[in-house]
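Structure record follows, encoded as structure tokens.
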Amino acid sequence: MKNRTDERIARLKLKRRIDKENKDKNEEIAKEESVDYEEKKLEEVIEEIKNGKVNIKDYNIRFQRKEYLQGKVAIDIPIDYLVEKVNDDNNIVLINDNLGISLIINYSNYSVKKQSFQQFKKGMETEFKKNEMYLEWLEEGSYKSGNKKLFYGTYKTPTGKGDTYNSIFYVEEKSGIVVGNYNCFYKNIDIWAPIIKGTISLIKF
């Protein structure tokens with residue numbers, strides 16, 4: 001009787017170990033496929049933005065390049081998806097409340113002390129903690145825009161309507177700083193994350 005019980009326990013342990021190994025393997029494959037898809041799709045999306053239309057996940061999204069902040073910024077806008085709420089010399093706000101998409105860029109005209117992106121991030125984290133808000137950093141990097149350097153970082157934040165995917169970016173000027181935030185619902189990142197990344201990589205200052 002004892003031998004049969006031991007055999008059943010051994011078989012159960014073996015089955016659990018095999019199931020765990022298969023699960024880990026499937027998760028790793030899914031992760032690799034996701035990365036390959038994102039990298040390939042981002043390159044395609046950038047080219048499609050340049051050409052004025054992105055086809056992704058059955059969406060046909062038209063783009064138009066527009067200048068803002070007295071010509072300080074030129075950016076490709078998904079013209080059928082963002083509604084202009086503010087457009088003045090120092091601020092632009094474009095929003096789609098239904099889809100949870102927004103693009104906000106502002107220019108602050110003051111003497112700026114040079115800082116690394118790590119210092120910029122630390123300042124953001126301090127402000128979030130002060131306001132009892134949470135953020136999870138996902139990615140960071142930089143792009144060349146003419147003779148200027150654009151720094152960006154993506155992060156995830158919880159809201160009352162669900163998690164959001166955010167991409168903050170900034171460029172230092174001689175007399176100030178241009179800071180932007182482009183975001184969407186996290187559940188829609190398969191569509192909008194490549195668009196947000198591609199758009200930021202193409203911004204001209």
Side-chain angles (χ1 to χ4, degrees), residues 34-96 99-108 112 116-117 120-121 124 137-156 164-186 188-205:
S34 176
V35 170
D36 290 343
Y37 166 79
E38 181 180 341
E39 290 177 352
K40 178 182 178 183
K41 197 61 185 180
L42 179 57
E43 293 174 2
E44 293 176 358
V45 166
I46 289 173
E47 288 305 311
E48 290 177 354
I49 290 174
K50 290 179 182 178
N51 293 327
K53 182 182 284 187
V54 173
N55 298 304
I56 183 170
K57 294 281 185 177
D58 297 325
Y59 284 78
N60 294 311
I61 302 173
R62 297 189 302 150
F63 284 82
Q64 183 178 336
R65 173 148 289 214
K66 296 188 176 185
E67 290 190 353
Y68 295 99
L69 309 180
Q70 295 181 301
K72 291 184 179 70
V73 177
I75 183 170
D76 299 286
I77 301 298
I79 54 175
D80 300 317
Y81 286 84
L82 287 177
V83 177
E84 194 174 278
K85 297 292 187 179
V86 177
N87 182 6
D88 58 38
D89 291 349
N90 297 310
N91 303 278
I92 63 167
V93 178
L94 298 99
I95 294 175
N96 183 321
L99 294 178
I101 308 165
S102 68
L103 171 62
I104 301 170
I105 305 177
N106 64 73
Y107 172 73
S108 298
V112 178
S116 68
F117 188 69
F120 184 84
K121 281 174 59 178
M124 275 188 60
W137 289 104
L138 304 172
E139 183 184 354
E140 64 183 76
S142 63
Y143 295 108
K144 288 286 287 183
S145 179
N147 61 351
K148 298 171 183 175
K149 197 169 187 179
L150 178 150
F151 297 90
Y152 75 91
T154 59
Y155 61 97
K156 180 180 178 182
T164 61
Y165 171 91
N166 307 268
S167 190
I168 191 161
F169 55 93
Y170 76 94
V171 167
E172 294 175 338
E173 302 276 358
K174 289 182 180 179
S175 59
I177 185 170
V178 177
V179 180
N181 194 317
Y182 205 161
N183 60 49
C184 68
F185 285 136
Y186 197 82
N188 296 328
I189 60 172
D190 56 339
I191 299 168
W192 287 99
I195 289 173
I196 291 171
K197 290 179 183 179
T199 299
I200 291 173
S201 74
L202 295 171
I203 296 176
K204 298 298 180 186
F205 293 90

Do you know which two heavy atoms are closest between Ile189 and Pro194, and how far apart they sit?
O-CD, 3.2 Å
Would the distance check show the side chain of Asn188 and the main-chain N or O of Ile191 forming a donor-acceptor pair, the cut-off being under 3.5 Å?
no
Holding to side chain to side chain contact (heavy atoms under 4.5 Å, CB included), I want the full list of residues that pass it with Asn91, two or more places apart in sequence or in another chain.
Val86, Asp88, Asn106
Check: Asn55 main-chain N/O paired with Glu48 side-chain donor or acceptor under 3.5 Å:
yes
Answer yes or no: are there more than 12 heavy-atom neighbours, outside Lys148 itself, under 6.0 Å from its atom NZ?
yes
Among residues at least two apart in sequence or on other chains, which ones pass ring-ring contact (aromatic ring centres under 6.0 Å, His included) with Phe151?
Tyr170
Kindly give the heavy-atom pair with the smallest separation between Cys184 and Trp192, and that separation in Å.
SG-CB, 3.7 Å
Ignoring hydrogens and angles, tell me if any N or O in the side chain of Thr164 forms a donor-acceptor pair with the backbone of Tyr186 under 3.5 Å.
no
Ser145 side chain to Phe205 main-chain N or O, any donor-acceptor pair under 3.5 Å?
yes
I'd like to check the ring-ring contact (aromatic ring centres under 6.0 Å, His included) partners of Tyr59; sequence neighbours left out, ordered by chain and number.
none
Counting only N and O atoms by type, is there a donor-acceptor contact under 3.5 Å from the side chain of Asn166 to the main-chain atoms of Tyr155?
yes
How far apart are the C-alpha atoms of Tyr143 and Tyr152, what are their side-chain angles, what is the distance that settles it, and do they pass the ring-ring contact (aromatic ring centres under 6.0 Å, His included) test?
CA-CA 8 Å; Tyr143 295 108; Tyr152 75 91; 5.2 Å; yes
For the backbone of Glu139 and the side chain of Thr154, can you confirm whether one donor and one acceptor N or O come within less than 3.5 Å of each other?
yes
Closest approach of Ser201 to Ile46 (non-hydrogen atoms, all atoms of both residues)
OG-CD1, 3.6 Å
Closest non-hydrogen atoms of Ser102 and Ile95, given as atom of the first, atom of the second and distance, are CB-CG1, 4.0 Å
Would a distance-only check, ignoring hydrogens and angles, find a side-chain to backbone donor-acceptor pair under 3.5 Å from Asn96 to Leu82?
no
If I compare all heavy atoms of Gly176 with all of Tyr107, which pair ends up nearest, and what's the gap?
N-OH, 3.9 Å
Can you list the residues that meet the salt bridge (Lys or Arg N to Asp or Glu O under 4.0 Å) rule with Glu47, with sequence neighbours excluded?
Lys50
With sequence neighbours left out, write down each residue that passes salt bridge (Lys or Arg N to Asp or Glu O under 4.0 Å) with Lys53, or none if nothing qualifies.
none
Please list, one pair per line, the donor and acceptor atoms closer than 3.5 Å that link side chains of residues 67-79 to other protein atoms, with sequence neighbours excluded.
{"residue": "Asp76", "atom": "OD1", "partner": "Arg65", "partner atom": "NE", "Å": "3.4"}
{"residue": "Asp76", "atom": "OD2", "partner": "Arg65", "partner atom": "NH2", "Å": "2.8"}

